[in-house]
Amino acid sequence: MTRNAYSELRKAQVEVKIRNQLQDKAVELWKQEQQTPTGKGNKPLGLRTICDTIISSHLQQTGKYVPLSYSTLAKHVNGGRRLADFNAEKSWLTDGEATVLIDYALEMAGRNFPFSRRRLKEHADEIIRAKLGGNFASVGENWIDRFTTKHHDRLKPCWSSSLDDSRGRAVNPNNHKLFYKLFKNAKDGCGNPDDAVPDDLVYGADETGVQKGIGVKERVFGPAGAKVQHQQRSGDRENITVLPTICADGTYLAPVTIYKGDGFQVKWCQENPLNSSLGYSKKGYTDGEIGVAWIQNFDKQTKAKANGRYRLLVVDGHNSHYTRGFLEHARTNKIRVLCYPSHSTHVYQGLDVVIFGVLKRYWSEERDKFERDTKTKVSKENFLRVYAAAHVRAFTPENIKAAFRKTGLVPFNPSAVTPEMMAPSRETSSQGVMPLADQQTSPVRAVSQLLWEHAACKRKASETEELGDSPASKTPRTSQPPPHQQRLPQTPSRHRPETNGTPSLFLRSTGMLHATHPVYDLCTPSPVRRALFGLTSSSASFLVSPSPIASSSRLPVLVTSVISPSKPQYAALLQEPPRTLREEQLMNALRDAEIKNHTLKENNRVLQAQAVLQDLYVGSVRAELQAQEEKKSKKKSRKLNADGLPKLLDCDEFFQRVVDDDERRKLDEAEKVRKRAARGAATESRKKWIEEDEKRKQRNNDMMQEWEKAVKEWETERERAKTLHQRPRWNKPPRPKAEPAKPKTWLKNAANQITIAEDAEGEDGDDPMEDEEEDNSGGEEDDE
């Protein structure tokens, strides 16, 4: 198998590695010569001769000449260090820290959250900063290249491909186990062996969109030096939906084709080699009405083959597959309908896994061929003719059987979906892990067991309260230890009390026993009980809380410490020869202490690197958790398949839910009609009120104008009377009372009518008769 050419940095690393290996062989040969000389005169070979021997041997074996320096060999045989070992001590990351970082990067890549160069550099900086202190800035620009080249056997750069997070979560072990369990149960007859479904009656159906003027990318020829060669096509992106159905025996049914349109057109009736059924919808996709017609067409094509036996149809979770009409027809005609987990067809649906990719490529080829030969573009009038050629090429018996085989349906093989395919779901899955479980002492296991029992019992008690059980049924049962704490070897202890018939330490310490229990006198507040309750008010409350951790929870802050580099402190002292036996023993003890100190420092670096990476991971997960909490806080979906789990759609329980949902929808529709009618009546009433109110305002305006005219005549009379020193012949006309507005009848019954909110001031306008009345006597002077 060919490989890409090495980079210059990689070539240099390979050469250094080979040269070091040859140097090691030369050192070993020199040591053998010192013990058993093979030179002339029974003398050991010289350094030059040893180097020439190693060089010639390597040249004969590999055909490559690698020079060796005898002076370098002389340094090594005298205890000198290699340059690579010296440079390794100056590396930013130790071997243990590098291993932790690589393992974490590979784990995140397995979860489909791979690191880019920038993110890998950021995580390395965090590890080094925690070890050396906050003054550390960052690694160099070329550090990533050197690091990835050094560890090329574990890390490899590649292009990323997008995957929806919903698809990553859907393919998880729980959904995987449930789906294959439901499939096997449905195929075996749902408990009745007489109703078992043979392999030749297992069908899979899905829909795919075909765009008339868009094709797949292909390799073409262009001028020398060109990297991209454009290819002209019509560019028509109108979607045509095709619903193919395949059978596990390698056959397929006539597909259903759905055009986009408001009505059926006669010109769509064309040459139809596949005898495809034609339909239409406003958007060009399937809907509930088309789904009912599709299941009827499926029944018509497969009834003779079934001959009264049950058929098993596996579909996705589109809502057109669980309408009332769809399921009623399936139940009446012995068709079991199994639904895939939501957003998982890229793994479980054979059409998606095997056939649709091939179909799109063949469609592109057939369309290009048709347009070249006929000089016309593909349209709805000739689509079925062109598509038929691609369909026949893609839906071969081999491809169809491979679709069922690769998804583990026929033959039945759940392991066809490997753990690597389910790896992205680990990002949203939880699994309890106790580090170094096999090395924990009994006290540590006892404390962790106590915390686990406490959280488990509180969780169970809260669930019991939600179910409305009586107090007598809330007695906690003995719970099994967590999986990571079972069957662990016990550390020998001096005293081990008997527990025959005695409640566990958890029950005694938390006060969960009733006062009538024979050992209730042992349940007085204990240090353990006080410690448990004390944890609930600390930053470690999540250890004893049965509730899941929320994004608002304040987790403990990661505290790191500076770890100094490991350097031999007593190298000069240990090189001196011991003069007494006691000195020799002390020097050996000092060597052991230095080795132990180096090992402890290395372990601390690794553990701190793990803690730093986990802290970064927890921070990112906390942000995702907050987004999920905000999404869940919104209105919950009323979809029947909102949980996304696989289901047997034609079972009594789900069908009853469909019937209830259908009745609810009818009531909702009737309520919408009633509200729409009420809204229309309210609108008409409002319009009528506005018209009458405008007339009222006009009458008030006319009344005001007449009053103002009469007031002006009275003022003229008053001025005349003042001049003649007489009283006015009539009194000032009183201000007329304004005609009040009628009540807004459409606002009286808010419970049964839908109001239309508007600004009251803009609606009513200004009524001059509603202004504050003037003082009739203001400015008047009594005439004497």
Side-chain angles (χ1 to χ4, degrees), residues 182-208 242-258 272-279 286 290-316 320-322 325-340 348-356 359 384 387-388 391-413 648-651 655:
L182 289 174
F183 177 83
K184 183 171 180 56
N185 181 57
K187 191 172 184 299
D188 292 343
C190 296
N192 187 2
D194 297 334
D195 295 336
V197 180
D199 292 345
D200 59 347
L201 293 181
V202 177
Y203 296 89
D206 198 4
E207 61 275 347
T208 184
V242 180
L243 285 78
T245 306
I246 57 177
C247 182
D249 61 0
T251 60
Y252 61 86
L253 305 182
V256 174
T257 305
I258 303 174
N272 190 355
L274 295 176
N275 195 24
S276 176
S277 301
L278 280 178
T286 182
I290 294 178
V292 175
W294 181 87
I295 191 66
Q296 294 173 353
N297 182 59
F298 170 81
D299 180 38
K300 180 180 178 181
Q301 295 189 61
T302 59
K303 178 170 280 189
K305 182 179 179 180
N307 194 20
R309 296 174 294 176
Y310 271 91
R311 289 156 283 179
L312 178 56
L313 175 63
V314 191
V315 296
D316 59 18
S320 63
H321 296 150
Y322 52 83
F326 186 99
L327 295 182
E328 281 180 346
H329 189 88
R331 288 164 60 90
T332 304
N333 294 275
K334 291 187 175 182
I335 302 174
R336 293 196 179 102
V337 184
L338 179 63
C339 171
Y340 293 106
Y348 295 112
Q349 171 60 274
L351 286 166
D352 278 345
V353 174
V354 177
I355 296 180
F356 281 163
L359 175 65
L384 294 180
Y387 172 77
H391 187 96
V392 172
R393 292 176 63 187
F395 285 79
T396 61
E398 293 77 12
N399 287 346
I400 295 174
K401 291 180 180 179
F404 284 93
R405 182 177 65 255
K406 287 192 174 183
T407 53
L409 298 184
V410 179
F412 185 74
N413 179 24
L648 190 61
L649 300 181
D650 62 307
C651 66
F655 180 72

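Computed from heavy atoms alone, side chains included, the values below leave out hydrogens, waters and symmetry copies.
Listed by chain and number, the residues in a side-chain hydrogen bond (donor to acceptor under 3.5 Å, both in side chains) with Lys334 amount to none (sequence neighbours excluded). Scored by the side-chain hydrogen bond (donor to acceptor under 3.5 Å, both in side chains) test, Thr245 finds no partners at all (sequence neighbours excluded).
No donor-acceptor distance shorter than 3.5 angstrom exists from the side chain of Asp650 to the backbone of Arg331, with no hydrogens or angles considered. For the pair Arg311 (side chain) and Asn333 (backbone), a donor-acceptor distance under 3.5 Å is present.
For the pairing with Phe404, the side-chain contact (heavy atoms from CB on, under 4.5 Å) check across Asp249, Val353, Asp199, Val410 returns one residue only, Val410. Each of Thr396, Val392, Asn399 was compared with Tyr252 under the side-chain contact (heavy atoms from CB on, under 4.5 Å) criterion, and only Val392 meets it. Remark: of the listed residues Leu648, Leu649, Leu182, Leu313, Leu649 is the sole one forming a side-chain contact (heavy atoms from CB on, under 4.5 Å) with Cys339.
Proximity of Leu201 to Thr302: side-chain heavy atoms (C-beta onward) are nowhere separated by under 4.5 Å. Annotation: side chain of Asn185 is in contact with side chain of Cys190 (closest heavy-atom distance under 4.5 Å).
What you find for Pro198 and Arg309 is that their closest heavy atoms are CG-NH1, 3.7 Å.
Ring orientation note: the planes of Trp294 and His321 are tilted relative to one another, at an angle of 30° to 60°.
A cation-pi contact, defined as under 6.0 Å to the ring centre and within 45° of the axis, is absent between Lys187 and Phe412.
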